[in-house]
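Heads up: the structure comes next, in structure tokens.
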Amino acid sequence: EAGVTQFPSHSVIEKGQTVTLRCDPISGHDNLYWYRRVMGKEIKFLLHFVKESKQDESGMPNNRFLAERTGGTYSTLKVQPAELEDSGVYFCASSQDEADSYNEQFFGPGTRLTVL
Amino acid sequence: RKEVEQDPGPFNVPEGATVAFNCTYSNSASQSFFWYRQDCRKEPKLLMSVYSSGNEDGRFTAQLNRASQYISLLIRDSKLSDSATYLCVVNMNSGYSTLTFGKGTMLLVSP
């Protein structure tokens, strides 16, 4: 079974540019999460989709970040315009059954974003 | 106070040693608890879920003390392949699995 995939693996852009990250969850997983790790800090939650609906976006840093999950399959996270402090590793995770708080989240390999 | 706090590390131990990681969490209403392992420049992977009764998986033992808001991970007979960063992770929400991560503790096992 294929795991969570993310594209691109690396992205280097200049301040003010736009970048779109993509995540493909494990097939059949209704729950999709975005997390971010900035250098020297812990991994932090950004938002959670259940199918195509945003369940919780309390972790989104500001309105320069836009996440979508049209059709409830893959998700995109767009940063526009990118700022220096947006640099970090963006992880996507998916899980199957939300009803169980011990339900495992499977993480993708991450997208390493560098804003110059 | 950080939501999930871990020993800063790194821990340098020889093969065969026993090593213990500690973690505290701030939200007493937290629902579920995990240890994730993260290899260098890789994604986090679930190592163990941590239950109130404590649980063991081979060389790994996890304990949870809800009264003290404390979680531990014990690794016995360390192997070179155990070298990684160990992340203490807590689900602080009821109903949703939004994970809150500690900063991680790096373990280096040497021959």
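In the text below, chain A, chain B and the rest are named by the order of the sequence lines, each starting its count at 1. Just so you know, these numbers use all the heavy atoms, side chains as well, and skip hydrogens, waters and symmetry mates. Owing to the predicted nature of the structure, the values given are computational and were not obtained by experimental measurement.
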Q | Heavy-atom check, side chain of B:R41 versus side chain of A:R112, under 4.5 Å | A | yes
Q. Checking heavy atoms, do the side chain of B:V50, its backbone, both or neither come under 4.5 Å from chain A?
A. backbone
Q) With a cut-off of 6.0 Å (strictly less than), are more than 12 heavy atoms of other residues, nucleotides or ligands near NZ of A:K41? A) no
Q. Is a side-chain N or O of A:K44 found less than 3.5 angstrom from the main chain of B:T100, in a donor-acceptor match?
A. no
Q) Is it the side chain or the backbone of B:K45 that comes within 4.5 Å of chain A heavy atoms, both, or neither? A) neither
**Q.** Between CD on residue A:Q105 and CG on residue B:L99, distance to nearest 0.5 Å
**A.** 4.0 Å
Q.
Students often mix this up, so state it plainly: with edges at 30° and 60°, are the rings of A:F107 and B:Y36 parallel, tilted or perpendicular?
A. perpendicular
Q: Identify the residue among A:F106, A:F91, A:Y35 that makes a side chain to side chain contact (heavy atoms under 4.5 Å, CB included) with B:P44.
A: A:F91
Q: Determine whether the aromatic ring centres of A:Y102 and B:F34 lie less than 6.0 Å apart.
A: yes
Q. Are B:F101 and A:W34 co-members of a hydrophobic cluster defined by side-chain heavy atoms under 4.5 Å apart?
A. no
Q) Applying the 4.5 Å side-chain criterion to the ILVMFWY set and letting contacts propagate, would A:Y33 and B:V89 be lumped into a single cluster? A) yes
Q. Has B:F60 got more than 12 heavy atoms of other residues, nucleotides or ligands less than 6.0 Å from its CZ?
A. yes
Q) Taking side chain as C-beta onward, heavy atoms only, is A:E42 less than 4.5 Å from B:E3? A) no
Q. Distance from A:I43 atom CD1 to B:L87 atom CG, nearest 0.5 Å?
A. 5.5 Å
Q. Any side-chain heavy atom of B:Q38 sitting closer than 4.5 Å to one from A:R37?
A. yes
**Q.** Whether over 12 other heavy atoms sit under 6.0 Å from B:M106 CE
**A.** no
